[in-house]
Amino acid sequence: MKIPIKKSKNISRRDFVQTGIQGTTLLGISPIAVPFKTFSPDKKTRTVYGACYHDCPDTCSWKITLEENKITHFAASTSNPYTAGKLCNKMNNFPKDVTFHPDRILTPLKRTGNKGEGTFEKVSWEEALRDIGNHLRKTLAESGGTAILPFGYAGTEGLVQNDAMSGRFFARLGASKLGRTICGDTAYAGVASVNGNALGVLPEDLVHSRYIILWGTNPVLTTPHLVPYIQKAKDRGAKIVLIDPYRSASVDLADWHIQPRPGTDVVLALSMMHVLFQEDLVDQDYITRYTYGAEQLRKHVEKVSPEYAEVITGISSADIVRLTREYAQTKPSAIRALIGMEKSANGASIFRAITMLPSLTGAWRMLGGGLSHFTFELFDDALNWERLTVSNDIGSADRRTINMVEIGKALTNKSLDPKIEVLFIYNSNPAVIAPNQNLVTEGLKREDLFTVVIEHFLTDTARYADYIFPATTQLEHWDLMVSWGQCYINLNQPAITPLGEAKPNSEFFRLLAKEMSFEEDYFAESDLKIIEKTLDSKHAYLKGITFKYLEKHGWARLKLPTPWLPFANGNFKTDSGKCEFYSESLLKEGKPPMPEYQVPNKSNGDQSRFPLQLLSIKSTAHFLNTSHANVEHLRKSEGALKVEISVDDARVRHLDNGDKVKVFNQRGEIIARTFISENIKDGMVIIPQGYWSSLVEGGSTANALTNDKLSDMGGGSALQDTWVQVEKIT
Ligand SMILES: Nc1nc2c(c(=O)[nH]1)N[C@H]1C(S)=C(S)[C@@H](COP(=O)(O)OP(=O)(O)OC[C@H]3O[C@@H](n4cnc5c(=O)[nH]c(N)nc54)[C@H](O)[C@@H]3O)O[C@H]1N2
Ligand SMILES: Nc1nc2c(c(=O)[nH]1)N[C@H]1C(S)=C(S)[C@@H](COP(=O)(O)OP(=O)(O)OC[C@H]3O[C@@H](n4cnc5c(=O)[nH]c(N)nc54)[C@H](O)[C@@H]3O)O[C@H]1N2
Ligand code: SF4
Ligand SMILES: [Mo]
């Protein structure tokens, strides 16, 4: 997820100039200089610390050994206890797979063929920047800044290369804003509407739990460094329950797998509440002291009996009762959720409902009890965000926002005023990751759209660019890495000088600012200075964690109070200071004050034509979203694009394992191989997300089928509310 910054305070331009001047003397190193400070006495061997840039909750620390400036060893940190000496399948071979990959783009490129065709010629940085500057000046004069749109997501999670300089640039330009809501915002909206924030059980504290529900998350694949903590709890006698419509890789960790119909977990959670109240399994003292709206909630769930829930969720009423009793009576009990469930029309409601459970049972009182979700707010508190969010203070506040989930619609909407004429894409691959892929590519093909892509590779998106610029990789630039899944901060130090003509994102935007004659001081700030200032907060969580400390050690765990029991005595971060079972503020916004289940709108999805619900999830162990899906040995390990289908659904369609099929609906069609499995119930299919369209037969991937509707809150996508048909290709 893009680490959302919730608390940035605006600073005035004047403050900025003052702090900026003070800051200039701190580090006189240019933004892309390599710190050859870590040489051994013989000056031949040196060690460089860094961390993984991926949009992955684990944010692993690494250590690189170089001899005479050549990387001789790239490995996980063995000293950081969370990384614990292991990266993952995706990253073990990172220098070769990405930085030194022969297909890497190392010079600016200008399009020579048709959009999408992928033919380009080399150009110089100067020429390309000048041409872009001309386009920007013309667009600003004729259509205004909002005809320009940045599209950046979490290709790198580093605070500097993610959006520090680009945020300033687009704010100064007066460009449209991008609603960066494709991952985590809906989950967060649900959890925070109840608790005020998403903090809770820290990953390490899961070892104290005696009952862990892995609710709609697949840690074995998506958060591998959390698994040892869950395993340790299990070794100490904890029961692990997996709630997932799919028999995911995490089933091996679980003692019990419960398979609800997708999107129906809100009913499951409400019926658990029904049982909690009915069987008096609630912690009345906790409820009275620290919660708001318990009486309304009790009434709200009266009708959601386990028998009723069985019809909606497909889980037997006996199992619902058993799950509730075990969850309430085994202490401490934890619910671990992440992102997966958010991508439906019920996404936020699901997260709202499950967030209420630990307050009903008083699970928050004990270490290892409560909800384990995001940790980014620890860094939000700890760091000096003002340095990064200078952009809040620049330009007009009322720039329009385009939701990234709806990028296809935005690019093709003829009545959008002004229409999007210039598009900058960095840290993202929207031609693959955004829902309704065919509409996205229709937009990217527009002849009157000028597209600039900053990338490592010729991705499906980059094929549509007018200019491609070569970005540096994590081995070649500075960054400060925080995490959304654990409590460690890392300084990423460059190990080598950038290959070819690659430059960090930050430098691209500095140079473009120069081309645009933007002379503000904030464009002159070096990456190192941004990092120094961001670390300079005086917050207790950062005690002793200075730039110098991180330069020497690479990583540090935030200095959090122990034991970490955020809600043992209430202290919820809502306006009322209580856990809000009933939300007056949502009611004011016209939303249901308590979570409700909406029957998904199968719009245009005539069920007889498209009877199978498609979940396109992160079931690939070798790709991180679309990253690495172009690396041959990783793609080989993953195999051909598959559609997983139940035994009965395959039988009625006369399908055998490995058959070539088309999966289609009103939005698109993809070609895949069948994988007949007992991992899903009838009526559903699974297709992994991540494969590149240009590298699969048929030229389309999962998002060619997904809908681009929004979820109930938070601006996220409801892309799992997608219905398809599967047919054999003969
Ligand atoms: N290997 C690998 N790791 C990754 C990624 C990757 O692409 N590959 N991506 C990273 C990113 S960006 C993210 S956001 C995280 C996501 O991490 P997770 O949230 O753990 O992963 P997902 O695959 O999105 O979803 C987890 C599970 O939720 C289930 N699910 C879907 N809908 C429902 C529902 O309605 N109810 C219930 N109970 N379960 C449901 C899916 O079947 C899936 O098994 O993973 C990160 N880690
Ligand atoms: N169907 C379906 N669609 C989904 C999802 C799903 O579960 N199912 N999951 C959604 C989720 S949770 C997420 S987070 C999004 C992920 O969406 P994205 O963040 O767009 O996905 P990535 O594939 O990680 O693309 C990141 C790109 O950034 C590039 N990159 C990496 N580092 C740098 C850098 O330093 N500079 C520049 N300029 N580029 C860099 C990489 O080469 C890569 O091409 O996908 C979403 N889409
Ligand atoms: S992708 Fe995740 S698990 Fe793999 S090295 Fe990066 S942070 Fe660690
Ligand atoms: Mo994500």
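The structure displayed is predicted, hence computed values, not measured ones. In each ligand, atom 1 is the first atom listed, and ligand 1 is the first ligand listed.
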Notebook entry, point to check: ligand 1 and Thr264, any nitrogen or oxygen pair closer than 3.5 angstrom?
Noted result: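 No - when backbone and side-chain N and O of Thr264 are compared with those of ligand 1, no distance drops under 3.5 Å.
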
Check: Under 3.5 Å, N or O to N or O, is Thr620 touching ligand 1 that way?
Finding: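 Yes, at least one N or O pair falls under 3.5 Å.
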
May I ask you to list the atoms of ligand 1 that are less than 4.0 angstrom from any heavy atom of [X]?
X      : result
Tyr246 : 42 (O)
Pro262 : 35 (O)
Asp265 : 34 (C), 35 (O), 36 (N), 37 (C), 38 (N)
Leu221 : 1 (N), 2 (C), 3 (N)
Met341 : 33 (C), 34 (C), 36 (N), 37 (C), 38 (N), 39 (N), 40 (C)
Gly263 : 34 (C), 35 (O)

Notebook entry, point to check: Among all residues two or more places apart in sequence or in another chain, which pass the ring-ring contact (aromatic ring centres under 6.0 Å, His included) test with Phe457?
Noted result: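 Phe457 satisfies ring-ring contact (aromatic ring centres under 6.0 Å, His included) with His101 only.
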
Notebook entry, point to check: Is it true that a side-chain atom of Arg261 and a backbone atom of Ile312 form a donor plus acceptor pair closer than 3.5 Å?
Noted result: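 The answer is yes, because a donor-acceptor pair under 3.5 Å joins these two groups.
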
Side-chain donor-acceptor pair present, [X], [Y], cut-off under 3.5 Å:
X      : Y      : value
Ser646 : Glu678 : no
Trp484 : Glu157 : yes
Thr626 : Asn429 : yes
Gln437 : Thr701 : yes

Next item on the list: Please name the residue in the list Arg247, Lys642, Glu644 that meets the side chain to side chain donor-acceptor pair (under 3.5 Å) test with Ser677.
Entry: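 For Ser677, the side chain to side chain donor-acceptor pair (under 3.5 Å) check succeeds only for Glu644.
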
Next item on the list: Give every residue pair that meets the salt bridge (Lys or Arg N to Asp or Glu O under 4.0 Å) criterion with at least one member in residues 456-472, sequence neighbours excluded.
Entry: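 For residues 456-472, and leaving out neighbouring residues, the salt bridge (Lys or Arg N to Asp or Glu O under 4.0 Å) pairs sorted by first residue read Arg111-Asp466, Lys115-Asp466.
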
Note to self: Taking salt bridge (Lys or Arg N to Asp or Glu O under 4.0 Å) as the cut-off, I'd like each qualifying pair that reaches into residues 98-108, sequence neighbours left out, listed once.
What the structure shows: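 Sorted pair list: Arg104-Glu476.
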
Check: Are any of the heavy atoms in Lys90 under 4.0 Å away from ligand 1?
Finding: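 Contact check Lys90 vs ligand 1: positive.
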
Next item on the list: Please verify whether a non-hydrogen atom of Ser344 lies at under 4.0 Å from ligand 1.
Entry: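 False for this residue.
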
Margin query: As a test of reading the model: which residues have a non-hydrogen atom less than 4.0 Å away from ligand 2?
Written below: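 Close residues (ligand 2, cut-off 4.0 Å): Tyr53, Asp55, Tyr153, Ala154, Gly155, Thr156, Ile182, Cys183, Lys343, Tyr426, Asn427, Ser428, Asn429, Ile433, Ile454, Glu455, His456, Thr459, Ala471, Thr472, His477, Asn505, Ser616, Lys618, Leu624, Asn625, Thr626, Ser627, Gln689, Asn703, Leu719.
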
Next item on the list: Give, for atom CG of Leu491 and atom CG of Leu528, the distance between the pair rounded to the nearest 0.5 Å.
Entry: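 That separation rounds to 8.0 Å.
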
Next item on the list: Output, in order, the C-alpha distance, side-chain angles, deciding distance and verdict of side-chain contact (heavy atoms from CB on, under 4.5 Å) for Tyr153 and Ile182.
Entry: CA-CA 9 Å; Tyr153 198 60; Ile182 206 162; 3.9 Å; yes

